[in-house]
Amino acid sequence: MLRLSAEQHDWLLHLQRERLARALARVLKTQWPVLAAKLGDRQEAFVDAALQQAQRHGLLEPAHAARYVNLWCVWGPAFDDKPGFEWAAEILRDEHRPPGVKVQQLALRSRDELDQRPNTGVKPEQFDAADATLETMASGPDAAPWIEGLPGLPQPRQVCDMTAFDIALGEQGWRQEYRLALSGGAVLVNRAPVVTEPQRYRTDTPPVPGAEVAARQVAALAYPASQGHKAWLHLRCAVDTVCDAQVHPRVEFKSDAGGQVFAGMQARLIKAPLHCAQEFIPPKAPAGAAVAPTAAAQGQPGAPVATPVTEGALCRERPPRYVQITACTCGLRRAGAPLGTQEVVLSILPAEQWFTEFRALPQPTWQWPHQGARETAPPPMVRVERDGQPLVQAVAAWQQGFTRLGEAFVNGMDGWWQQLARDEVLLVPRLEAVPQLMHGLAAVTWGAREAVTPQGSSGFLRAQLIARLVACATELTVTGELRQAGTHARVQLQSRGRAVLEADVLRDQPEPALADGLMAVKVAWSHPFEVSLDALAHPGLSTVSEAPGSKPGALVGEAGLRPRPDGQGWQWFLKLALEPCILSLKVWDPLRGEQTAQRALWPAITLVDWSAG
């Protein structure tokens, strides 16, 4: 494809304008002989100057520019900058009027002025004849287009404009939302009707010249087409006079599903059903299909354990379906600014409302070493609903996720105990843990809603969360024997603490952002180890005790809500780790005296990296 530089394009326009000027200058001798005689050999320069001024006013099509040249012939060069012609300057400066409307209104007003000014020497009939002749010449083969445009468009000649444009959404009584309340130790939930502000917008005032006019933004909630018609859009184009009752007004809908056009009487009153986009659900893997094992599935201690919930992921925001609506006429009035083309961008959001609740019990006490099957905690009570309908598969996914939290803890502790036994720094190690991780209750409800203003509406995700969780109340005890410089001692390290996650989030307005509220649903902790060291009887006289400077470490962690890695909603997570443990020991020997040493019992270890949602 041929591409022109900016200099080449300007030069091409210059040549095209010269050709158009030569063609129009030949007409001046027949239509305006007196003016042509005054100009003499400057006729082409006069027309070229008028064409340049037309270009600055945005009259780029040859026909529009030619009619503007005719106005110069009547009122003189740069007439729109002279006193008494403020009406012309107002029309030309109005960016909301199309070029064809500008020149037609200039011609209509000029004819009125000629009727009121008989001393100008120009008869209205002469003006009309010259206007038609110059326009015909600009559209003929002797005048090539001097700038790219849209050839063949009908020029507005008759009054054709809307007096008002109305858009409204139908009755919304079918909508319901979940509401949460905390009573004692239980979360109460009910579905209540949504009281929405009526969305009715009317445009009946032409835009102010120079003011920026943007498409009206309107948000609506609807269900997919497979669930029937519940949401409706009402449009009304009020007109007094149109150029052709079969053509105008014209309303066009454009969306990802295609386009639809209403013209004439059909466009004056429209009632259209609204549907959100049908969500694509990926097909399930066939039974027996091979799945690559994750690190957690391979039993690596501390490896991430994630349980995705494909249906009912917390606070997942689905993109809206956009429909662009355009309503237009010729946009021509006998006088004054027209109402012009009306544009609406309709965003259709899913109307479905979600509710998720879980109640989890603490895990049992576990010990290492251990023989036989371990006791497990019962699965949590989970409830997942969408518009009052339970979702069995989502319930099973959430239950699996919380069951795997206990499995991940056991897996991490197994790895820790095996490392202690392998390093042989702490002899005969024993571990006892009361996990109590992520037990309690949490309830979340979410769904789309509109924020309505007099100018339009926008969609946002309404959400409410109530959480009363014990994120970590772990009691962890480590015992074993320690030998140092011929001494023997029993060591016990114990970590106790309680980290509570209590949160109340209610977002029923677009601001602040939902992420600001949900990111705060988080708690972190550090439960240090307390050291107890008892020297054991030994044939020698050496003794060992703890010296200042020990760094026994702590059980650290974090839990709460975070965005899913794929961006499809939020997930509950918990991280649990051990800080390095270093003991300072003091050995007293009758012969050698007092000695100090440091023993590293374990390095930094990740016990649990769990998420569900």
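The line from CG of Leu182 to CD1 of Ile466 is 5.5 Å long, rounded to the nearest 0.5 Å. How far CD of Gln104 is from CZ of Arg109: 14.5 Å, rounded to the nearest 0.5 Å. The distance from the CG atom of Leu441 to the CZ atom of Arg468 is 8.0 Å, given to the nearest 0.5 Å. With values rounded to the nearest 0.5 angstrom, Leu346 atom CG is found 11.0 Å from Gln324 atom CD. With rounding to the nearest 0.5 angstrom, the CG atom of Asp80 is 8.0 Å from the CG atom of Leu106. Atoms OG and CD, from Ser457 and Glu450 in turn, are 6.5 Å apart once rounded to the nearest 0.5 Å.
A donor-acceptor contact shorter than 3.5 Å links the side chain of Gln105 to the backbone of Gly336. In this structure, the side chain of Gln172 engages the main chain of Gly170 through a donor-acceptor pair within 3.5 Å. Panel note: side chain Ser611, backbone Ala306; no donor-acceptor pair is recorded below 3.5 Å. The main-chain N or O of Ala351 is found under 3.5 Å from a side-chain atom of Gln353 such that the two form a donor-acceptor pair. The backbone N or O of Gly456 lies less than 3.5 Å from a partner atom in the side chain of Thr453, making a donor-acceptor pair. The main-chain N or O of Thr307 is never found under 3.5 Å from a side-chain atom of Arg404 such that the two would form a donor-acceptor pair. Listed for the Gln342 side chain is a donor-acceptor partner under 3.5 Å among the backbone atoms of Leu339. Arg564 places a side-chain N or O within 3.5 Å of a backbone atom of Gln568 that can act as its donor or acceptor partner. A donor-acceptor pair under 3.5 Å is formed between the side chain of Glu171 and the backbone N or O of Gly173. Counting only distance, with no hydrogens or angles, the side chain of Gln399 and the backbone of Pro380 share a donor-acceptor pair below 3.5 Å.
No side-chain N or O of Tyr201 forms a donor-acceptor pair with one of Gln455 less than 3.5 Å apart. A donor and an acceptor atom, one from each side chain of Gln464 and Arg507, are nowhere located under 3.5 Å apart. Counted by atom type alone, Ser347 and Gln217 present zero donor-acceptor pairs between their side chains at under 3.5 Å.
Across every non-hydrogen atom of Pro156 and Cys330, the tightest pair is CB-CB, 4.1 Å. In terms of heavy atoms, Ala443 sits closest to Val187 at CB-CG1, 3.8 Å. The heavy-atom pair separating Leu461 from Ala448 by the smallest distance is CD1-N, 4.0 Å. Across every non-hydrogen atom of Gly517 and Val505, the tightest pair is O-CG2, 3.9 Å. Between Pro206 and Arg333, the shortest heavy-atom contact is CG-NH1, 4.0 Å. Pairing each heavy atom of Lys102 with each of Leu92, the nearest pair is NZ-O, 3.0 Å.
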Quick one: do Gln571 and Val309 satisfy side-chain contact (heavy atoms from CB on, under 4.5 Å)? Show the steps, please. CA-CA 9 Å; Gln571 61 183 195; Val309 177; over 6 Å; no
With side-chain contact (heavy atoms from CB on, under 4.5 Å) as the criterion, how do Tyr178 and Asn190 come out once you've worked through the C-alpha distance, each side chain's angles and the decisive distance to 0.1 Å? CA-CA 6 Å; Tyr178 288 98; Asn190 69 304; over 6 Å; no
side-chain contact (heavy atoms from CB on, under 4.5 Å) between Gln227 and Gln278, intermediate numbers included: CA-CA 10 Å; Gln227 299 186 28; Gln278 183 74 43; over 6 Å; no
Go through it in stages, so that I can follow the logic: the residues are Arg93 and Glu86, the test is salt bridge (Lys or Arg N to Asp or Glu O under 4.0 Å), and I'd like the CA-CA distance, side-chain angles, deciding distance and then a yes or no. CA-CA 10 Å; Arg93 283 198 302 263; Glu86 290 78 10; over 6 Å; no
I would like to know whether Asp256 and Arg321 meet salt bridge (Lys or Arg N to Asp or Glu O under 4.0 Å); could you show each step before the answer? CA-CA 8 Å; Asp256 56 348; Arg321 177 191 178 199; 3.1 Å; yes
Should Leu108 and Arg334 be marked as a side-chain contact (heavy atoms from CB on, under 4.5 Å) after you check the CA-CA gap, both sets of side-chain angles, and the distance that decides it? CA-CA 7 Å; Leu108 292 174; Arg334 185 66 176 76; 3.3 Å; yes
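With sequence neighbours excluded, no residue forms a side chain to side chain donor-acceptor pair (under 3.5 Å) with Asp609. For Thr310, the side-chain contact (heavy atoms from CB on, under 4.5 Å) criterion is met by no residue, not counting sequence neighbours. Residues meeting the ring-ring contact (aromatic ring centres under 6.0 Å, His included) test with Tyr223, sequence neighbours left out: Trp174. For Arg449, the side chain to side chain donor-acceptor pair (under 3.5 Å) test picks out Glu177, with sequence neighbours left out. Considering only residues two or more places apart in sequence or on other chains, His229 meets the ring-ring contact (aromatic ring centres under 6.0 Å, His included) condition with Trp232, His275. Looking at residues two or more places apart in sequence or on another chain, you find a side-chain contact (heavy atoms from CB on, under 4.5 Å) between Pro563 and Met519, Trp570. For Gln176, the side-chain contact (heavy atoms from CB on, under 4.5 Å) criterion is met by Arg191, not counting sequence neighbours. Qualifying ring-ring contact (aromatic ring centres under 6.0 Å, His included) partners for Phe165, counting only residues two or more places apart in sequence or in other chains: none. With sequence neighbours left out, the side-chain contact (heavy atoms from CB on, under 4.5 Å) criterion links Glu95 to no other residue. Among residues two or more places apart in sequence or in another chain, the ring-ring contact (aromatic ring centres under 6.0 Å, His included) test is passed with Phe262 by Phe253.
Between Trp610 and Phe409 there is no side-chain heavy-atom pair separated by less than 4.5 Å. Here the side chains of Gln55 and Leu59 are not in contact, with every heavy-atom distance at 4.5 Å or above. In this structure, the side chains of Thr445 and Trp354 stay at 4.5 Å or more apart for every pair of heavy atoms. Counting heavy atoms from C-beta outward, Leu518 and Cys315 have side chains that approach closer than 4.5 Å. Annotation: side chain of Leu574 is in contact with side chain of Leu437 (closest heavy-atom distance under 4.5 Å). Contact check for Leu188 versus Leu180: no side-chain heavy atoms found under the 4.5 Å cut-off. A heavy-atom distance below 4.5 Å is found between the side chains of Lys522 and Glu558. Counting only heavy atoms from C-beta outward, the side chains of Ile325 and Glu252 never approach each other to under 4.5 Å.
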Please tabulate, for side-chain N and O atoms in residues 234-251, each donor-acceptor pair with protein atoms closer than 3.5 Å (sequence neighbours left out).
from: Arg236; atom 1: NH1; to: Asp166; atom 2: OD2; distance (Å): 3.2
from: Asp244; atom 1: OD1; to: Gln246; atom 2: N; distance (Å): 2.9

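Residue pairs meeting the ring-ring contact (aromatic ring centres under 6.0 Å, His included) criterion with at least one member in residues 307-340: none, sequence neighbours excluded.
Arg157 and Glu135 are joined by a salt bridge, as a carboxylate oxygen and a charged side-chain nitrogen come within less than 4.0 angstrom of each other.
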